[in-house]
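This is a predicted model, so every value here is computed, not measured. Only heavy atoms go into these numbers, but all of them, side chains included; no hydrogens, no water, no symmetry mates.
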Amino acid sequence: MGGFQGVTISGVKHTCVGKLAYFIVRSLLNPCTSRSIRNSLWVALRYHTPHLLTADIRAPGICQIHSFFFNVPISNLLVPMADAEPMLVPAPGGEKRACPALEEVDHSTKRPRVQKDEKNGGPSHKLPQDEGEEPEGEETEPLEEDGEGEGLGSGEAFAEMMKHGLTELDVGILKFVSEHQGFSGILKERYSDFVVHEINKEGKTVLLDDLSVPEEAEEAPVEQPESQVFTEEQKQQLEQLQLFKNKEGDVSIEVADDTKEKRTLVHKAVKTLYPGLETKTEEREGKKFIVAYHAAGQKALAEVKAAAAPRKHSWPKSRGAFCHFVLYKENRDTMEAINVLSKFLRMRPNVFSYMGTKDKRAITVQEIAVLKITAERLSHLNKCLNNFKLGNFCYKKHPLKLGELQGNHFTVVIRNITGTEEQVQQAMSSLRETGFINYYGMQRFGTTAVPTHQVGKAILQDNWKEVIDLILKPRPGAEKGYLVKCREEWAQSQDPEAALQKLPVKRCVEGQLLRGLSMYGKKNIITAFAMIPRNNRLMYIHSYQSFMWNTMVSRRIEAFGLKAVEGDLVLRGGTAFVLSAAEAETHSIQDVVMPLPGFDVIYPTHHVGKGYREMLSADNLDIDNMRHRVRDYSLAGAYRRILIKPSDVSWEVINYEDPRVSLVHTDVEKLEDQPPPVFNKEGKYRALRMEFSLPPSTYATMAIREVLKMDTSIKNQTQLNTTWLN
């Protein structure tokens, strides 16, 4: 291995034959790369190419590379730069499943993680969201995505961050209801391992099975055919522009000698025939041009005002005002999808309505409604959007409302299971017949070292200095470089403007809070905190309620098991009643509810119910006074069933050979007549594929937890997955 002294990357002499290694090395040699990020990339280099090379960073621009496992001369591992073709190669377990007929495939490397996806917080102080929709029926306003962050691209870097993450024990998830022996498995190794179909208010599972535009939905044709408005060359240029191949480009159509009517016709033709494109009239050297540009381009966005009213279109009176459609999306959460659609259609996001928010790290299918946008315009988006498909169009007179759905149907794949056929049979039979404890899942509490319920507790205590400290203070674990700098600046200077300057992304929670502190000062923390969107703020106190509920339900199961007892609560017509000893004999555990603390609920009268007062008192909160001086933070409380029994439960154990292959036949694959996955009975890998339906506001991960009898936290799942990959 000796003899090789070094190779100058920045001098463009050589690069590694491993293309992923080349990408990582170039990042390592970037002088702007921080030490913590450099360490994470170094781990990724050793992880992804152990059979080829390792590296020692001596100085910016110089990398000493040598053979790691094999006694091979280093010259054999290098090729001239001119012969190399830099590209990012996805790591094992990473995944990108683009919808058919899409132009680009972004091979982003992502380790299995239960939500930022299943809607979790990410490395920044993101707020958690449910697998279905929020129980409170409120929409969570979108905060700007921060991306995956510097240095968090590798499994080891994410695992390092998760060393400081939460486990189920930390949030009160302690008990199981079944007696079978548990086994291990990996949840969401690929996002296609988690498929969610909405169940609408009629009880029908929402499927994407028709991409056609209904005949009655077609708009009247433009007075002149397209061929008479544009030349063949112009049509080709407009089509390329529409397909997002060059979002910063434009197409100029000279109309110097035409009348205003002709210019109007050209404007309308572009917008009708090429949805996503916008037009404007410009004068150049005495001649008039109509310039078509992409609505999602940066130049166009710079000209768009956020409060711009939607453009008026003629709309037949006989047609319903709302176009309902089925949205199929991959690895995108609902609000991100709505923002993308609104950007391409040049509409505000509030013209869209839906019944519930869905996971990010999943394939999800749900119904969406939009005000006065034709099915034809929506259908055109299938040509230029990645990881989305729109179909099953129809017109109705009403929008959709949060909470209208009856539930969600889940198809889940648990890979690399260790259980025997008998264990799986016992576990799934118990899930079908008994159900699972209706715990709030881990995504409710965030993924960072600072749980969201701690912030919620500080809000309820009216301890605003603690609220600010929890959100902005430095925290253990790997994190994005700019967030680390922002937190360090705040810890040192307590200057919101200086800390805000460290953030390139201002619409994350930290950015919104710092902006509020900068505007209103540190003496007006409540007003500054209100800069965070209302429903995102409420998620903190809802998280505290969820923590309380989980803890008290674990105590209830420990004390009384799976039977109704005197002092339990049941609902009758939406009102809670305390069971007497005689009444308890006529009720089952399926009827029993437990309260989320608040001023408008009653509590069980047995000793577990008294634990609410003790737990709140330990947190310096008064159970008899749950009203806050800020009305938004007053807790009314609610009731939640202790046990949930899934419906439509089915399962199968499958063997497979290639861990990169999807094990679920998706709606898009069925539309494209692609064959379902074929399983090799002699395959070396085993997986459990299960299907079940759940009512709204319940967590599929808690059902899976009951089957596996293992911790479903990101911390544990990341450790399992990293161990398996190694």
Check the pair H197, V195 against side-chain contact (heavy atoms from CB on, under 4.5 Å), reporting the backbone distance first and the verdict last.
CA-CA 7 Å; H197 286 84; V195 181; 3.6 Å; yes
Non-hydrogen atoms of [X] and [Y] that approach each other most closely:
X: V196; Y: F194; value: CG2-CE2, 3.7 Å
X: L503; Y: C508; value: CD1-SG, 4.2 Å
X: Y440; Y: I173; value: O-CD1, 3.4 Å
X: V177; Y: E706; value: N-OE2, 3.0 Å
X: L187; Y: V412; value: CD1-CG1, 3.9 Å
X: V601; Y: A638; value: CG1-N, 3.4 Å

Could you grab the distance from atom [atom1] of [X] to atom [atom2] of [Y], nearest 0.5 Å is fine?
X: L616; Y: M626; atom1: CG; atom2: CE; value: 5.5 Å
X: M552; Y: L596; atom1: CE; atom2: CG; value: 12.0 Å
X: M615; Y: T551; atom1: CE; atom2: OG1; value: 3.5 Å
X: S353; Y: L402; atom1: OG; atom2: CG; value: 9.0 Å
X: N550; Y: M548; atom1: CG; atom2: CE; value: 11.0 Å
X: Y699; Y: L694; atom1: OH; atom2: CG; value: 12.0 Å

When you check the side-chain N and O atoms of K329 and T364, is any donor under 3.5 Å from an acceptor?
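Looking only at side-chain atoms, T364 and K329 do form a donor-acceptor pair, the distance falling under 3.5 Å.
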D568 and H606: side chain donor to acceptor below 3.5 Å:
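There is such a pair (donor and acceptor under 3.5 Å, judged by atom type) between the side chains of D568 and H606.
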Taking the side chain as every heavy atom from C-beta outward, state whether [X] and [Y] have any pair of such atoms under 4.5 Å apart.
X: F410; Y: P646; answer: no
X: P695; Y: S647; answer: no
X: W490; Y: P496; answer: yes
X: D462; Y: R629; answer: yes

Residue pair S342, N339: steps toward the side chain to side chain donor-acceptor pair (under 3.5 Å) verdict:
CA-CA 5 Å; S342 61; N339 287 335; 4.5 Å; no
Within the distance-only criterion (no hydrogens, no angle test), does the side chain of [X] pair as donor or acceptor with the backbone N or O of [Y] below 3.5 angstrom?
X: R515; Y: A528; result: no
X: R332; Y: A337; result: no
X: E404; Y: K401; result: yes
X: E198; Y: N408; result: no
X: R534; Y: A530; result: no
X: D469; Y: K465; result: no
X: Q406; Y: K201; result: yes
X: Y603; Y: P597; result: no

Cationic N near anionic O, under 4.0 Å, E510 to R487:
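Yes, charged N to carboxylate O under 4.0 Å.
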Electrostatic pair K457-D619, nearest N-O below 4.0 angstrom:
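Between D619 and K457 there is a salt bridge, with a charged N closer than 4.0 Å to a carboxylate O.
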Trace of the side chain to side chain donor-acceptor pair (under 3.5 Å) decision for R444 with S546
CA-CA 8 Å; R444 186 76 163 181; S546 304; 2.8 Å; yes
Within 45 degrees of the axis of the six-membered ring of [Y] and under 6.0 Å from its centre: does [X] put its NZ or CZ there?
X: R361; Y: Y191; answer: no
X: K502; Y: Y482; answer: no
X: R705; Y: F176; answer: yes

Do H607 and F560 pass the ring-ring contact (aromatic ring centres under 6.0 Å, His included) test, and can you show the C-alpha distance, the side-chain angles, and the key distance before you say yes or no?
CA-CA 11 Å; H607 69 85; F560 304 117; 5.4 Å; yes
Identify which one of F445, Y540, Y544, W549 satisfies the ring pair (Phe, Tyr, Trp, His ring centres under 6.0 Å) criterion when paired with H453.
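For H453, the ring pair (Phe, Tyr, Trp, His ring centres under 6.0 Å) test succeeds with only one of F445, Y540, Y544, W549, which is F445.
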Verify side-chain contact (heavy atoms from CB on, under 4.5 Å) between E336 and K360, making sure each step is shown before the conclusion.
CA-CA 9 Å; E336 182 182 358; K360 177 175 180 177; 4.1 Å; yes
How about [atom1] on [X], more than 12 heavy atoms from neighbouring residues, nucleotides or ligands closer than 6.0 Å, or not?
X: R572; atom1: CZ; answer: yes
X: K522; atom1: NZ; answer: yes
X: Q461; atom1: CD; answer: yes

Ring centre gap for Y328 and F388 strictly below 6.0 Å
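No, they do not, as the ring centres are separated by 6.0 Å or more.
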Check whether the ring centres of Y633 and W464 lie less than 6.0 Å apart, and answer yes or no.
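Centroid distance Y633-W464: below 6.0 Å, so yes.
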Assess the residue pair S634 and H628 against the criterion (side chain to side chain donor-acceptor pair (under 3.5 Å)); give the C-alpha distance rounded to whole Å, side-chain angles, the decisive distance to 0.1 Å, and a yes or no.
CA-CA 5 Å; S634 294; H628 197 280; 5.9 Å; no
Going through the checks in order, is the side-chain contact (heavy atoms from CB on, under 4.5 Å) test met by L460 and L635?
CA-CA 9 Å; L460 295 173; L635 294 178; 3.7 Å; yes
side-chain contact (heavy atoms from CB on, under 4.5 Å) between E168 and M442, worked out:
CA-CA 7 Å; E168 290 182 348; M442 295 301 300; 3.8 Å; yes
Given S554 and Y439, is the side chain to side chain donor-acceptor pair (under 3.5 Å) satisfied, shown in steps?
CA-CA 9 Å; S554 292; Y439 284 125; 2.7 Å; yes
